[in-house]
Amino acid sequence: MKTLISTFKKALKTIENSNHCTLLSHRHPDADTIGSALAMQYVLNKQYPGSFTCVCADPLPESLLFLKQNHTIRKKIPSQTDCIIALDCSTPEQTKFPDVIEEKNIPVINIDHHTTNTRYGNITIINPHAASTTEILYHLFEATHLSYSSHIATCLLAGIYNDTGSFMHSNTTQETLKTAGELQKKGAKTQKIAKKLFNTHSVEQLRLWGTVLSNARLNDKGTLVSKISTQELEETKASSRELAGVINYLNCAREARMTILLSEDIHGNIQGSMRAGKDDIDVSALCEQFGGGGHKKAAGFTIPGKIVAQETWKIEPQD
Ligand SMILES: [Mn+2]
């Protein structure tokens, strides 16, 4: 953490010398990437004279609209940008603006907690032991005495809640729980986060999850695989974004060593999500074989193609 703090101080110097910083979140935004961007925007706005814009290429899901100032998030990088801060984005592609990041004309600050982060950018602040990017930010803000209000504490805690699955995933460390306690002390709205992030489902979404759960098949290696085709998705009238979260239910299966969810998207790609049910499985290594990545216990990939059913036949001998 010590080196990260001194790197952060260097980053603050770069930010101080910029007129217009863009704070980038990853595509298919979650509470960690958005919570991080909004918190950074607030803190920097208070401290530095330049202007700060949050940018996310994809629209926010309804569950994140309780985070204050979310209406200030733009879809495109402003042309006058002279500094980029990427938050919770393991690769430049994750931002949907890889060209801007790789042009190398402007400084890029990369703050993240993914083990698979490719360390792009001029300044990298990466801690794979942190449960969320917001957990890293909490420590950076504390160390540099950057103060913030209770609604920013809510943004930071929302990131932790999201990435630990309400403190149920194995990335929940002593440090994570301590940080969550500190954020609650600073006025973070714990109940609101739990309700907005986890207990808001449409009927269509429940129907979609029902289809995913009933499509689940367990193979003889202990892998639970489910799928959803574009046609099945249409039948439920839910949006593909509403798939988020269902894999954690699949991964509840007692028999499953690992879980895979395959879903077709409208661009002719298959989105794959994997979760490890047991400690000895590294799903990020598996997803990397398909050009994806993520964490040891939760990872994903995208490949062009369609899902096809495979049938096998066998003879059942009669006595
Ligand atoms: Mn994250």
Side-chain angles (χ1 to χ4, degrees), residues 1 4 8 23-41 54-58 60-61 63-64 67 70 73 85-96 101 109-121 124-141 152-173 175-177 179-180 183 188 193-194 196-198 241 243-245 247-248 251 271 273-276 282-284 287-288 292-302:
M1 202 63 211
L4 293 191
F8 184 57
L23 304 147
L24 278 183
S25 290
H26 61 70
R27 57 185 177 180
H28 304 305
D30 60 22
D32 191 24
T33 195
I34 295 297
S36 295
L38 292 173
M40 269 299 247
Q41 184 190 37
C54 291
V55 172
C56 183
D58 290 341
L60 260 55
S63 60
L64 299 184
L67 296 174
N70 73 77
I73 300 173
I85 308 169
L87 296 144
D88 200 42
C89 304
S90 57
T91 63
E93 287 72 29
Q94 281 289 315
T95 65
K96 276 200 180 172
I101 289 181
I109 300 162
N110 169 3
I111 307 179
D112 189 26
H113 70 122
H114 292 90
T115 33
T116 49
N117 189 293
T118 56
R119 300 194 162 263
Y120 60 88
T124 55
I125 301 170
I126 295 153
N127 179 9
H129 304 295
S132 67
T133 300
T134 58
E135 189 184 321
I136 302 176
L137 290 185
Y138 166 80
H139 290 292
L140 297 176
F141 293 170
I152 294 305
T154 299
C155 286
L156 295 176
L157 187 55
I160 294 177
Y161 253 91
N162 183 77
D163 281 25
T164 60
S166 324
F167 307 101
M168 285 200 287
H169 301 335
S170 62
N171 60 355
T172 311
T173 62
E175 204 51 59
T176 314
L177 293 169
T179 304
L183 288 169
I193 296 169
K196 296 286 181 183
L197 285 189
F198 299 102
R241 286 204 321 222
L243 275 172
I247 191 160
N248 298 324
N251 207 31
Q271 308 280 346
S273 294
M274 292 194 195
R275 294 289 182 275
D282 180 355
V283 289
S284 79
C287 286
E288 272 175 42
H295 304 283
K296 197 169 172 246
K297 296 206 129 198
F301 63 87
T302 304

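In listed order, ligands and their atoms are each counted from 1.
Here Asp163 reaches the Mn ion (ligand 1): one of its N/O/S atoms is less than 2.8 Å from the metal. Here His114 does not reach the Mn ion (ligand 1): none of its N/O/S atoms is less than 2.8 Å from the metal.
In this pair, Tyr161 and Phe198 present their aromatic rings tilted. The plane angle is within the 30 to 60° band.
Counted by atom type alone, His113 and Asn171 present zero donor-acceptor pairs between their side chains at under 3.5 Å. Side-chain atoms of Asp112 and His114 form a donor-acceptor pair, as typed in the model, at a separation below 3.5 Å.
The Mn ion (ligand 1) forms the vertex of an angle spanning OD2 of Asp32 and OD1 of Asp88; to the nearest 10 degrees it equals 90°.
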- Task: Test Thr176 against Thr173 for side-chain hydrogen bond (donor to acceptor under 3.5 Å, both in side chains), laying out the working first.
- Result: CA-CA 5 Å; Thr176 314; Thr173 62; 2.8 Å; yes

